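Structure record follows, encoded as C-alpha cells.
Note that this is a predicted model, so its numbers are computed, not measured.
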Amino acid sequence: MIREARVRVPSGLPGWIFVPAALGGLFVVLPLFAMLASVDWSRFFQLVTSESSLAALELSLRTAALSTVLCVLLGVPMAAVLSRSSFRGLHVLRSLVLLPLVLPPVVGGIALLYTFGRKGLIGQHLEVAGIHIAFTTTAVVLAQTFVALPFLVVSLEGSLRTAGSRYEHAAATLGASPTTVFRRVTLPLVLPGLVSGAVLSFARALGEFGATLTFAGSLQGVTRTLPLEIYLQRETDADAAVALSLVLVVVAVLIVVGSRGWASRAAV
C-alpha cells in the first residue's frame, strides 16, 4: 500500500504571532488546571452529591434548558429581522439587543427587578392578577434568558448573513410563501449556526450568577442555582466550592464539544 505524503500547508501567518496566541491559550487553560490540581479527590464524590449540591445542579440544568427554549423562540425571529431587514434605526435596534453582552449582570438583574418586581413596570400589574415573578424559579429563567439571548442572536445572525439569501429568493420565485421559505429553506440552511447559538446560550445560562442573585435571590431548591451554591460554599467549605466548580466546567465542556462535533457533521 502506498501512503500519500502529507504536505504541510503554510498558514501564511508570521511566526511571531504564535507566541501571543500560545500565551492567550495558557491564560485560559492554566487556571483550569490549577483548579483541577486543588480538588480534594478523596472527598470529591461526597462533596458533589450533597443534598444542596444536587438540588442546585438539578435546578441549574432545568432552568438553563427552559431559558434556552425561550432564547430559541425569541432569538430566531430577532436574528432573522436583523439579518434580512433594512429600515431606519436597525443599527440602534441591534445595539439594544446586544446590550446584555456588555452590561454587568447585576445591572441586568436590577433592570429585571424594576420590570417584573412587585412594584415594577409590568410586575405591579401582574401582582394584581396574583402572579409573582421576582424571587421565584421563573425569575431565574428570565434572568438567564436576558443574559443568554444575545449569544444566540449573534451566532444565528452571522450564519444568516454568511448563507446569503439567493436560495430564499429562488424559493419565493417558485411560489413558496414567506413562512414556507423560512421554515423549509432558511432554517435548514443555518441549522448548524442555530445549534451553536443555542448551546452558547445554554452554557451562558448555566453559569449565570449576578442577574440571578439580584432578581431571584438564593433560596435552596427554588432559586439557588449551581453558581450561587458555589459562591455560598466558598465562604464555608472551599473544597466543596472547587469540586462543584469542576462539575460545572465539565458539564460546560461536554456540551460545547458535543455540539461543535454535531454542527461540524451537519455542515458537511
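- Nearest heavy-atom pair across F182 and A80 is CE1-CB, 3.8 Å.
- For the residue pair T49 and L54, the shortest heavy atom distance occurs at O-CD1, 3.5 Å.
- Cluster membership for L36 and I230, using ILVMFWY side-chain heavy atoms within less than 4.5 angstrom, is shared.
- Qualifying side chain to side chain donor-acceptor pair (under 3.5 Å) partners for H169, counting only residues two or more places apart in sequence or in other chains: none.
- Looking at E208 and S67, their side chains never come closer than 4.5 Å, going by heavy atoms from C-beta outward.
- Among residues two or more places apart in sequence or in another chain, the side chain to side chain donor-acceptor pair (under 3.5 Å) test is passed with R161 by E157.
- Remark: of the listed residues T162, L160, V195, L160 is the sole one forming a side chain to side chain contact (heavy atoms under 4.5 Å, CB included) with V190.
- In this structure, CG in L93 is found 5.0 Å from CZ in F87, a value given to the nearest 0.5 Å.
- Residues passing the side chain to side chain donor-acceptor pair (under 3.5 Å) test with E58 are R62, sequence neighbours excluded.
- Minimum interatomic distance between A176 and V181 (heavy atoms only, all atoms of both residues): CB-CG2, 3.7 Å.
- Side-chain atoms of E168 and T186 include a donor-acceptor pair closer than 3.5 Å.
- Here the closest heavy-atom approach between residue T63 and residue T225 is recorded as OG1-CG2, 4.3 Å.
- For R184, there are no salt bridge (Lys or Arg N to Asp or Glu O under 4.0 Å) partners, not counting sequence neighbours.
- Other residues sharing the hydrophobic cluster of L47, ordered by chain and number and joined by side-chain separations under 4.5 Å: none, the residue standing alone.
- Nearest heavy atoms, F151 versus S201: CB-OG, 4.1 Å.
- Among residues two or more places apart in sequence or in another chain, the salt bridge (Lys or Arg N to Asp or Glu O under 4.0 Å) test is passed with R43 by D40, D237, D239.
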